Protein chains: 2
Amino acid sequence: MDNLVDKKKCIIKSALCLIQEHGFHGCPVSMVAKNAGVAAGTIYTYFENKDDLILGIYEYVVEEIKNYVTERDDISLSFKDRFYNYWKNLTDFYELNPSIHGFYDQFLNSPFNSEETQNKPNAWHEYAYSFFNEGIKRGEIKELNPIVLSILVNTNVNSIVRIKKNFKNKLAKNNMVLDEISHLIWDGIKAK
Amino acid sequence: MDNLVDKKKCIIKSALCLIQEHGFHGCPVSMVAKNAGVAAGTIYTYFENKDDLILGIYEYVVEEIKNYVTERDDISLSFKDRFYNYWKNLTDFYELNPSIHGFYDQFLNSPFNSEETQNKPNAWHEYAYSFFNEGIKRGEIKELNPIVLSILVNTNVNSIVRIKKNFKNKLAKNNMVLDEISHLIWDGIKAK
DNA sequence: ATCGACTGAATGAACGTTCAATCACAATGC
DNA sequence: GCATTGTGATTGAACGTTCATTCAGTCGAT
């Protein structure tokens, strides 16, 4: 039965790249099928419809991010070090997986990201939430809303990666500057 | 001939709301036409095609943002005060015009925002660029790339407005926290 | 009478989705 | 070991719908 899981993942990965490149429209099911090396009809054995496919991609993406970041968290470190790790790992992950970054950015601001989707249990969001919550409990960061904190940090990482992507060549000297943003945020949220 | 300008604006405004709500797809030209009180064909006297309409909305949106922020800038103030003004005005504008905020967020991360679009002259980006550039020249902020600076500030304002929108009710106490982000950023970019 | 904006039904291409037919393969019977 | 049957994934042509776009005809101002 592993074959079925593989094929589903294969469809998801194909769609991920294409959607990132062409947008949600601009990426017909037939194109996804061709790219994944299956017939159009096959997609409908794995997904109810195109919307369901897109939600499936989102779930996959969120799972991948969570795995990468949690695997590299080290709870024996100080929270400050864990924060910088979190930042670096998320950045690395997006840079290693530009199409995930592109898809995620697009999805977050699209109407697909409905209130319903946002309220669904989401391992990545829950992890990020509990991560910052722990920092608060340990008294190492200010008593802010952990949800807000995680959104802010994720947004900043997100946009820094986007800036690096867009300004790849013109920006050699300023990568340094971008990396400083993490210090800036840490200084802002750490307990005084 | 003012009638023509008005009608064009009317079409743009109608499309703006609908796209913000339903996404670029999910918003057919016929729907825009109905909402604007014109026939579908009329849209084609003002725009070459749907893509051109969407770019037209973008240009309109960018113009509106620029006007609001520049009109409220006061060059006689210290750069620090001007920075806080900039932040507040941009925030206010998005909160007064949620559909512009929604559209802009969506547009920035979509394939419509192509390299070509990004390289087109853009009064708002140029203003933001020159704003931060002046801060650097005056020696009041660090020597960072002004483009990077403006993107970072705009991104943070953007996402704070989004957080406020999404957490409207649950967040009474934390608005304060969100407003603190501006201090945090200022502390990070000001000259030492 | 002229001209350009406007209309909205018509067009045709594109797309999501379906489904009858096919295929791969495992289980069963001989 | 071989033939038969059953099962469920796979295919891709076909369907019906939606949509962007067109254009012949109308309207209204000059």
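These values consider heavy atoms only, across backbone and side chains, with no hydrogens, waters or symmetry-generated copies. The sequence lines fix the lettering, A, B, ..., with proteins before strands; numbering per chain opens at 1. As the structure is a computational prediction, the values presented were derived from the model and not from experiment.
The ring of Tyr84(A) has its center closer than 6.0 angstrom to the ring center of His183(A).
Under the 4.5 Å side-chain heavy-atom criterion for ILVMFWY residues, a single connected hydrophobic cluster contains both Leu96(A) and Trp124(A).
Each salt bridge (Lys or Arg N to Asp or Glu O under 4.0 Å) pair with one or both residues in residues 92-106 of chain B, not counting sequence neighbours, appears once here: Lys88(B)-Asp92(B), Glu95(B)-Lys164(B), Asp105(B)-Arg162(B). Judged as a salt bridge (Lys or Arg N to Asp or Glu O under 4.0 Å), not a single pair has a partner in residues 107-119 of chain B (not counting sequence neighbours).
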Any protein N or O atoms within reach of nucleotides 5-8 of chain C? Criterion: under 3.5 Å, listing atom names and distances.
unit_1, atom_1, unit_2, atom_2, d
dC6(C), OP1, Lys7(B), NZ, 2.8
dC6(C), OP2, Tyr46(B), OH, 2.8
dT7(C), OP2, Ala39(B), N, 2.9
dT7(C), OP2, Thr42(B), OG1, 2.5

Could you go over nucleotides 14-20 of chain D and give all protein N or O partners under 3.5 Å, atom names and distances?
unit_1, atom_1, unit_2, atom_2, d
dA20(D), OP1, Lys50(B), NZ, 2.6
dA20(D), OP2, Val29(B), N, 2.6

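The CE atom of Met31(A) sits 18 Å away from the P atom of dA13(C) (whole-angstrom rounding). In this structure, CD1 of Ile43(A) is placed 16 Å from C1' of dC19(C), rounded to the nearest angstrom.
Between His101(B) and the options Phe107(B), Phe93(B), Tyr94(B), a ring-ring contact (aromatic ring centres under 6.0 Å, His included) holds for only Tyr94(B).
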Atom pairs and distances, donor-acceptor, side-chain atoms in residues 54-67 of chain A, under 3.5 Å, two or more places apart:
unit_1, atom_1, unit_2, atom_2, d
Tyr58(A), OH, Asn122(A), ND2, 3.3
Asn67(A), ND2, Glu63(A), O, 3.4

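Under the rule for a salt bridge (charged side-chain N to carboxylate O under 4.0 Å, His left out), Lys34(A) has no partner lying at least two apart in sequence or in another chain.
Geometrically, Arg82(A) does not engage Tyr86(A) in a cation-pi contact defined by less than 6.0 Å to the ring centre and at most 45° from the axis.
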